[in-house]
Amino acid sequence: MSKVQGGMKCVKYLLFVFNFIFWLSGLLVLAVGLWLRFDPKTVELLMGDGAPDTFFIAVYILLGAGGLMMIVGFFGCFGAVRESQCLLASFFACLLIIFGAEIAAGVFGFINKEQIVEEVQKFYSNSISDASNANATAIALMYHKTLNCCGGSVSETTSALCADSPPEETQDCITAITEFFNERLHIIGYIGIGIAGVMILGMVFSMVLCCAIRNNREVI
């Protein structure tokens, strides 16, 4: 097996370090995805019959990306150490696929950002307006407790459920829902942008090292 020399040897070790960081990034993405999926507040707000699941679709995409990043990072480390053109080319292809999937997920999240919030707001509004349904009332009260909010309409049901809430200290739930889910969607967006930058570096390093290995073998 040939060995790269000089500056390419530095690229080899940089790629190894990059892949280790990439693997750690995948672990971080997986951890954030699990937190968003099992965060008690989020689960409480999206439980019950008729609760929207669009937010969890974005979270599942994040979980899939995190798991795939860990696998790809591991094989990227192995390919860099072994100086394998096949593994490095496969690593580049996997990064390209993940990058494309991330772009698609980002577009999906951007397009559905307002829809996610509106679906949750509608779910809450339907719950608080259905005074005859004990389960719906329980869901509305859960929103009030979790988000420290109350109401969002001027219905009699809202007034009755918010009777014990100081109006000057309690935010309306429509605004609270918007802030709550926007914060979590922004977390997903920031992580996606950071990972995209890291992946571009990885693709550059892998191609440079792959070409250097090929040229070195041709000279030999």
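Sequence positions, counted from 1, serve as the residue numbers for this chain. This one's a predicted model, so the numbers in the text were calculated from it and none came from an experiment.
For residues 20-31, no pair satisfies salt bridge (Lys or Arg N to Asp or Glu O under 4.0 Å), with sequence neighbours left out.
For A65, the side chain to side chain contact (heavy atoms under 4.5 Å, CB included) test picks out no residue, with sequence neighbours left out. F92 meets the ring pair (Phe, Tyr, Trp, His ring centres under 6.0 Å) test with no other residue; sequence neighbours excluded. With sequence neighbours left out, the side chain to side chain contact (heavy atoms under 4.5 Å, CB included) criterion links Q121 to V117, E118, I174, I177, T178.
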Could you walk me through whether C149 and C173 pass the disulfide bond (SG atoms under 2.5 Å apart) check? CA-CA 5 Å; C149 67; C173 286; 2.1 Å; yes
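Taken together through direct or relayed side-chain contacts under 4.5 Å among Ile, Leu, Val, Met, Phe, Trp and Tyr, V43 and I57 form parts of separate hydrophobic clusters. Each of I97 and L201 belongs to its own hydrophobic cluster when Ile, Leu, Val, Met, Phe, Trp and Tyr are linked at side-chain heavy-atom distances under 4.5 angstrom.
The main-chain N or O of F22 is never found under 3.5 Å from a side-chain atom of N19 such that the two would form a donor-acceptor pair.
The two atoms that bring E44 and M142 nearest to each other are O-CE, 2.5 Å, heavy atoms only. Residue P52 comes nearest to L46 through the heavy atom pair O-CD2, 3.8 Å, listed as atom of the first residue, atom of the second, then distance.
Here I71 contributes atom CD1 and C94 contributes atom SG; the two are 9.5 Å apart, rounded to the nearest 0.5 Å. Summarising the geometry, atom CD belonging to E119 is positioned 12.5 Å from atom CD belonging to E114; distances are rounded to the nearest 0.5 Å. A distance of 7.5 Å separates NZ of K41 from OG1 of T146, quoted to the nearest 0.5 Å.
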Table please: side-chain donor-acceptor pairs of residues 26-40 below 3.5 Å, with sequence neighbours left out.
| residue | atom | partner | partner atom | Å |
| --- | --- | --- | --- | --- |
| R37 | NE | Y60 | OH | 3.0 |
| D39 | OD2 | T42 | N | 3.4 |
| D39 | OD2 | T42 | OG1 | 2.9 |
| D39 | OD2 | R184 | NH2 | 3.2 |

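With ring centers used as reference points, H144 lies under 6.0 Å from Y124.
Heavy atoms from other residues, nucleotides or ligands lying under 6.0 Å from CZ of F56 number more than 12.
Residues F18 and W23 fail the side-chain proximity criterion, which asks for heavy atoms closer than 4.5 Å. A 4.5 Å side-chain heavy-atom check between I139 and L45 finds every atom pair outside the cut-off. The shortest distance between side-chain heavy atoms of M203 and F91 does not fall below 4.5 Å. Considering only heavy atoms from C-beta on, V120 stays 4.5 Å or farther from F55 through its side chain.
Residue V17 is found in a hydrophobic cluster whose other members, listed by chain and number, are I21; membership requires side-chain heavy atoms under 4.5 Å apart, directly or through intermediates.
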